[in-house]
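Remember, it's a predicted structure, so these values are computed and weren't measured experimentally. Side-chain atoms are counted along with the backbone in the values below, which use heavy atoms only and exclude waters and symmetry mates. Proteins get letters first, then strands, A, B, ... in listed order; numbering begins at 1 in each.
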Amino acid sequence: MNLTIYLEIFGGTSLSNDKDSVISLTGAKKYFGAVHALEDGQIDLFAGEAHALVGENGAGKSTLVKIFAGLHRPDSGSLKFDGNEVFFNSPRDAIEAGVAVIYQEPTLFPDLTVAENIFMERQPQRSFRRIDYRSMNKAARVIFSRLEVDLDPTRLALGLSIAEQQIVEIAKALSLEARVIIMDEPTAALSSVEVHRLFRVAETLKNSGVAILFISHRLDEVFTLCERVTVMRDGRFVLTTMSSETNEDALVRAMVGRDVERRSDQIRGIDLKPLLEVEHLTLEGLFADISFTVAAGEVVALSGLVGAGRSEVATAIFGVRRYDYGSVKVGGKALKRGSPSSAMAAGIGLVPEDRRLQGLVMEQSIARNIAMGSFKSLKRKGLIRSLTETRFAADWSVKLQIKYGNLGNSVSTLSGGNQQKVVLAKWMSRSPKVLIVDEPTRGIDIGTKAEVHRLILELAKSGVAVLVISSELPEVLNLADRILVMREGRLVAEFDHKGATEEAIIAAATLSKEVKAA
Amino acid sequence: MLQAETIELKDDIDSNRGAKGSFDVRSLVRWESGLGIVLIASLIIGTVASPQFLTSANFFNIGLSVGDIAIMALPLTLIVISGEIDLSVASILGLSSSLLGFLWIHGWPIQLIIPVVLIDGAILGFINGFLVTKLGLPSLAVTIGTLTLYRGIALILLGSNIVSNFPASYTTIGVNPIPGTPLPWSVGIFLILALIFGVVAHFTPLGRSIFAIGSNSEAAAYSGIKVKQIKMRLYILSGVVCSLAGILFTFRLATAEYDNATGLELNAVSIVLLAGVSIFGGRGTIIGVVLAAATVGAIGNALLLANFPQQAMGLINGGLLLISVFVPNARELFGRLRGHYARRRLVGLRRG
Amino acid sequence: MTLIEQNSQSNPSNSGSSVELVPSGASKFTSLVFRAREFGIFGILFIFVLLTTAIKPRFLAGQNIKFILIDTTIFALLALGETMVVVSKNVDLSIGSILGLSAFVSSNLYQQFHHVSIVFVFAVGIGIGLVLGVVNGVLIAFGRVPSLVVTLASLYIFRGLDVLIVGGRQVVASSLPSNFLSVTSASFGAIPIISIVVAIVVFGGAYYLKNYRSGRDLYAIGSSEQAAGLVGIPIAKRVFTAFAISGAIAGLAGVIWASYYGTIDSTAGTGYEFTVVTAVVVGGVAIFGGSGSAIGAAIGALLLNTINSSLYVLGVSAFWDQAISGLLLILAIALDRGIGLYLAKSLRKRSSRVAS
Amino acid sequence: GTTVSSSTSTTAASTATTQAAASGGSIKTGLKVVVIPKVIGNSYFTTADSVQSGGALAALQSLGETGSETSGTAATPSSQLPVIQSAITQGANALVISATDPTALCPTLNQAMAKGITVVTYDSDAPTCRNLFVNQASTSQIGTSEVDLLAKQINSTGDIAIVSATASATNQNAWIGYMKQELTKYPNMHLVSIVYGNDDPATATAVTQGLLQQYPNLKGIISPTTVGIAAAAALLDTPQYRGKIALTGLATPNEMKKYVADGTVTSFELWNPANLGYLAGYAAAELASKAITNTPGQTFTAGKLGKYTIASDHSILLGAPYVFDKTNINNFNF
Ligand SMILES: Nc1ncnc2c1ncn2[C@@H]1O[C@H](COP(=O)(O)OP(=O)(O)OP(=O)(O)O)[C@@H](O)[C@H]1O
Ligand SMILES: Nc1ncnc2c1ncn2[C@@H]1O[C@H](COP(=O)(O)OP(=O)(O)OP(=O)(O)O)[C@@H](O)[C@H]1O
Ligand SMILES: [Mg+2]
Ligand SMILES: [Mg+2]
């Protein structure tokens, strides 16, 4: 694909602007060892304007954000604030310069109150530089009232839902009185009502001259809020355009680099007898009354918004989390509750959501990680020899085309995609009957993503029952024979492959009482 | 240098963990060979300090002085590798010793007492394990509590009694080496246990699970490893082994008293740390523990023979411990200090 | 705080919103539980005193109160420093050794120079503690070595230094001037003056931790080090300071110790680290950081001393009291954990009900 | 003070040599004698052992032996044992040892004797595994005399209590045994409690506080350990208790000077630890040179201290404990 084509189509970068850019980044490069997170980051933010940054997972959006935040120092490139070249050596520098960041993953202090979380390091002070809790709480209430949420500033952050945590992050950014507010997927966990509130606040901010950088995978939001949009792909700047001069399809094409095609219907010998049966699964406060089945050879997707409770269901099936009521059966036999080892004995495998925390033991070797689920079968006379382990790992890395330097190196030396393949290898090597994959391609580059999809489909073809959890609708539509949608802890819709569209899934996932009432 | 540096906190923590916690074969080799060099150095110092140092009688002495502590250090090593800690080891030893004495003065035969004491050790370990795994209490706080509790029970059992009329056939283990060797019984038992622990830790599924739990207990659980069950078993194992050490200790001194081995938990912990076992879990070797125990014993003995003031032994022990954790971090420390100043000079934009 | 004023001015324009400015029922409830957590051990203390007094009314005699308070004074002071360290997710095991060194060196000044000023003696004690605390702090905060390991090593090293310096010597009460001894013996009714002073220091410390940004930073670091980095908290500097202050406080406690016990050899303060960590944990400071107060820790110290004293006063066999205090410690930790879990659960439940 | 000047000790040494010659053999010089107190760095043992105070090492020096003092850093058998073993390994001719435990050291001490090493215990005995015990004062005498001292101060009436060291301390338990026996002579004195201060000032203070509260009518306290009595004295040093609760026990005069002066303590007792060490050092050199044969009834002259007789249980007694009070305490400095 050629950049100039886009420039022609969209009018390119010839965006004349009478406003001054508040903060701008050009030619930013950031490598993490072999991972080229950012090859050519480039963006200009203007006062009183919302600027969207879109791109696929791993396109380098968050990395760019972290450069603005003073968390990463770019390997090269220049950062200008009010036209002056600056260095942000620490988050503090960025904060003091007036750059507020809402990170993709909320980072709160669970043991401190909501108000303290908002004002940490900037607490209002009274005589003798004492913290003025009264006005701090009051200020927090004022911010919440602007956001139109009812959150008690004096409660602890411990136990806040993801959405509430996100609100606190937004409040934090507002309280900074910042000139630049960067929001990295702030709406991912919010209901549509909350999103509308956020947008109203964002509009006010724009009117008072704040520059906003808005990252989202929901393109409709981009068009609602943002005047300008920048597309990134594979760590590179692709284009910047006024949002009024483009449309969703064009943006998607620019993001992906090709037309998005649907999966051609594959004929798989789906055995209609259910292999995995989940009945009335309930875990109070997290999900309720979840019932569904997956047949051998079938790929079922569990879709919904972040925080809908999909991962909780998966972990409850696998046993790392205990559910309160219900049952899980494999091949008609009920599993012991809360016991991963009995789930594994029944043939269930789980590729968990968080690779770094749940999937891998980062400081141990690649070989050890691949063998981690198969220790028992690898032992001879009770002992495991490293050589056996290494051979076993080598076999599977060939099968999955894992790219590594040395199997004895720690798994943290691998790129994200290869790390994910290590987790897949760990489970595939156990020849599971049921495989649950949670966000299998999060943070994985496009090439590897396709390979992971191929692997999942191959598994299904070989008769494995696959349950895929994904927040990426194209992925869901591409892989699944059936699509289940969860919202606020409940199953709310089911589509078969043919009947599913992105719009229908989104509608089912986001439809909330308020919207219905409105 | 500054250009390449990123200040992401996560990165910092990760790279820090990497330095301490990564399973890097080369760094392990370096660690153990470093310990080996220290051991050889202390052997040389000992030989120079006293012609008696390299005698078999003296090897016996060295062994006797660290034998029981080294035995306690073995299960403790596995517990620390699994990311927990057990500070009650010396109190379990003391309580087992007291129980041994208590049952003996109540006329029980030794053949019956020994299994009862070992079972008692298992129960004490179970209590620790229960509090840590079932109730989810922090092991540091729990075992400070049981440290006091177990010692207190020992005091209730024996009070002011000193039991010392054990049969001579048992108490000779304090003066006679294993026939045909210069090794005291406690060292013989330590070496056998070390072999078993070494094989289990480094060559069995259980061992691999323990390392995985210590490095990342969540990932271990997601791999089907029974995290709580294994931790529970480690605590029970620790209880049994410490009560075995208690039996040896009692016979070695021919005395059961409630305050036997008071305070030795810190010696055991420092052997474990000196062995290169990461206090965060996930890293360590049994061979390191053997070398560390030998080093501590040899240095102590060499200093004793050299008439080095015993008062200063604490300095040597603490200094060794500090060096053992500091050296792998030294590069970072200086790097950070330098970075600190460099950052000072390169202050970015401040809002007026 | 221009922003806040702006906001409050702009608020009326937003007056359409239905925002409740009073805490909702849920939060009132949880904050009550939270307060109960700090006052919980006060309740346990109260019950203990009540029961013991019912059986032995003399328990509340002025003299006994004085005894309990003086003992508590030293531990409450140490607990203040330990609290600062523990809320930041660290631990300081070297305080007993620092206390010992400071107690001997400072009181020994009287044997070396007869007319030395008491202020100077205190300054020397605090100074020794500060220096040793700085050593801990540098290794932990800048060396990035876990505090458990560093302070375990310095526990040995500082005690070794102490033993080397002291040798077989001893400072005895007769060589100490009476104005030094009266630092701890002077009292105001049943209440020792030093206890009042230390109570003020502890309240001051707790007030500082609660009301100053640098104090809150310690809680923030203990709560989430990653988040602390993101809001620009100078983590190393704060942790370093906490250890330096903990050391200085242990040094001060050493001088008070010397004044109270009068006989000082190289074993002063041996084993205090476990007692102080116990007091801090019993006092509701989370061992893994982020929450708890110095006042809670001081009440924890008071509770431990009261329990000990009441066991003696009730005539519980001397053989039983160690086991009972171990058991009480475990119960306190379990109780604290139980309350914490309950709190987390109720917060989560309520929040899921509150959320749309 | 009681410190012996070097000139007198030299004279004493020469007299001793002639005396020894008279009783059959002469003291060899250059013997390697290792003095092993219970714990290193304790002021009582430092006084008993050091050259400056005229203790064991002073005696050995005056006899021309190579003496050295060493021990563990905790007063426990497991800390003392390696020191004994290394002394054996280093080829010591004699050990002068205060046993941390009456039995625990025996296998090792027996081994030492089997190798021909002379083992002399002092301060704290290990009866079954030594050649000679140098007894500071007879066990029964300490027990009875402390009760008598206290009885005198409280008119033989009232509740009394004991603040001991650790629950397992050998000497203290033996003395307490005799105290109980002696108390049968005083029908109006009641021993209400024995508490243990673990030889730690803070614990000793706490348990003594407990005593005062639990027994409001307490009239007297005996603390046969220097740490315990110092803690108790500091506690009683208030107008409320001074003169109302009598305190006696074993203490060094320096520790008690303040309390004797202000009337908290009337009298207490102790032997002279330096003399104890001196006698032990002397006896060890005599035995190791085979100048004496350790037969009961045999006598020898221990330098400045004069003549001693070996008792039937192979022990020699330093003398009666010395009672310190207002009239004499300022003559001592240790
Ligand atoms: N600290 C790091 N170390 C190594 N690789 C990293 C690091 N941070 C990011 N990467 C890699 O850099 C690439 C870009 O990541 P980034 O988080 O910027 O993507 P993104 O566009 O924000 O994606 P998403 O939409 O999933 O949030 C990814 O391949 C990621 O795995
Ligand atoms: N730290 C937390 N505290 C309280 N509740 C939480 C927390 N994390 C998650 N939850 C709750 O758990 C539920 C499910 O969250 P989770 O993020 O696992 O959902 P999900 O559908 O798997 O989303 P995704 O996998 O896309 O992140 C939500 O109700 C959320 O509010
Ligand atoms: Mg991102
Ligand atoms: Mg999820």
Side chain, backbone, both or neither of [X] within contact of chain B (heavy atoms, under 4.5 Å):
X       : value
D:Gln85 : both
D:Val83 : both
D:Thr70 : side chain

Practice problem: Can you see which heavy atom on B:Ser65 is nearest to which on D:Pro82, and at what distance? | Solution: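 The answer is CB-CG, 4.0 Å.
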
About how many Å separate [atom2] of [Y] and [atom1] of [X], when rounded to the nearest 0.5 Å?
X        : Y        : atom1 : atom2 : value
B:Leu253 : D:Thr100 : CG    : OG1   : 8.5 Å
D:Ser78  : B:Arg252 : OG    : CZ    : 6.0 Å
B:Asn176 : D:Gln111 : CG    : CD    : 7.0 Å

Compile the donor-acceptor pairs under 3.5 Å between side chains in residues 160-169 of chain B and protein atoms, sequence neighbours left out, one pair per line.
| residue | atom | partner | partner atom | Å |
| --- | --- | --- | --- | --- |
| B:Asn161 | ND2 | B:Leu158 | O | 3.2 |
| B:Ser164 | OG | D:Thr103 | OG1 | 3.4 |
| B:Asn165 | OD1 | B:Trp104 | NE1 | 3.1 |

Self-check item: Within residues 196-203 of chain D, residues adjacent to chain B where the heavy-atom gap is under 4.5 Å
Solution: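 D:Tyr196, D:Asn198 fall under the 4.5 Å cut-off.
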
Exercise. Look at D:Cys106, D:Ser79, D:Ala74, D:Pro107 and state which one has the largest set of heavy-atom pairs under 4.5 Å with chain B.
Key: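 Counting heavy-atom pairs under 4.5 Å, the top option is D:Pro107.
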
Exercise. Quick one: which of D:Asp101, D:Thr166, D:Asn173 has the most heavy-atom pairs under 4.5 Å with chain B, could you say?
Key: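 Looking at each of D:Asp101, D:Thr166, D:Asn173 in turn, D:Asp101 comes out on top.
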
Quiz item: Heavy-atom count around D:Tyr178 OH within 6.0 Å, excluding the residue itself: above 12?
Solution: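 Count not over threshold, so no.
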
Self-check item: Stepwise side-chain contact (heavy atoms from CB on, under 4.5 Å) test for B:Asn61 and D:Thr89
Solution: CA-CA 9 Å; B:Asn61 293 345; D:Thr89 313; 2.7 Å; yes

Exercise. For B:Glu257 and D:Thr76, run side-chain contact (heavy atoms from CB on, under 4.5 Å): C-alpha distance rounded to whole Å, both residues' side-chain angles, the deciding distance at 0.1 Å, then the answer.
Key: CA-CA 10 Å; B:Glu257 285 177 54; D:Thr76 60; over 6 Å; no

Self-check item: Criterion side-chain contact (heavy atoms from CB on, under 4.5 Å) against D:Ser168, the qualifying member of B:Asp259, B:Asn260, B:Leu155
Solution: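 Exactly one option meets the side-chain contact (heavy atoms from CB on, under 4.5 Å) with D:Ser168, and it is B:Asp259.
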
Self-check item: Contact class of B:Phe53 relative to chain D, heavy atoms under 4.5 angstrom
Solution: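 Neither part; nothing is under 4.5 Å.
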
In a table with atom names and distances, give each donor-acceptor pair under 3.5 Å that connects a side chain of residues 180-192 of chain B to protein atoms at least two apart or in another chain.
| residue | atom | partner | partner atom | Å |
| --- | --- | --- | --- | --- |
| B:Thr181 | OG1 | B:Ile178 | O | 2.8 |
| B:Thr181 | OG1 | B:Leu183 | N | 3.2 |

Residues 294-306 of chain B, side-chain donor-acceptor partners within the protein, below 3.5 Å, at least two apart:
| residue | atom | partner | partner atom | Å |
| --- | --- | --- | --- | --- |
| B:Thr295 | OG1 | B:Leu291 | O | 2.6 |
| B:Asn301 | OD1 | B:Asn58 | ND2 | 2.7 |
| B:Asn301 | ND2 | B:Asn58 | OD1 | 3.2 |

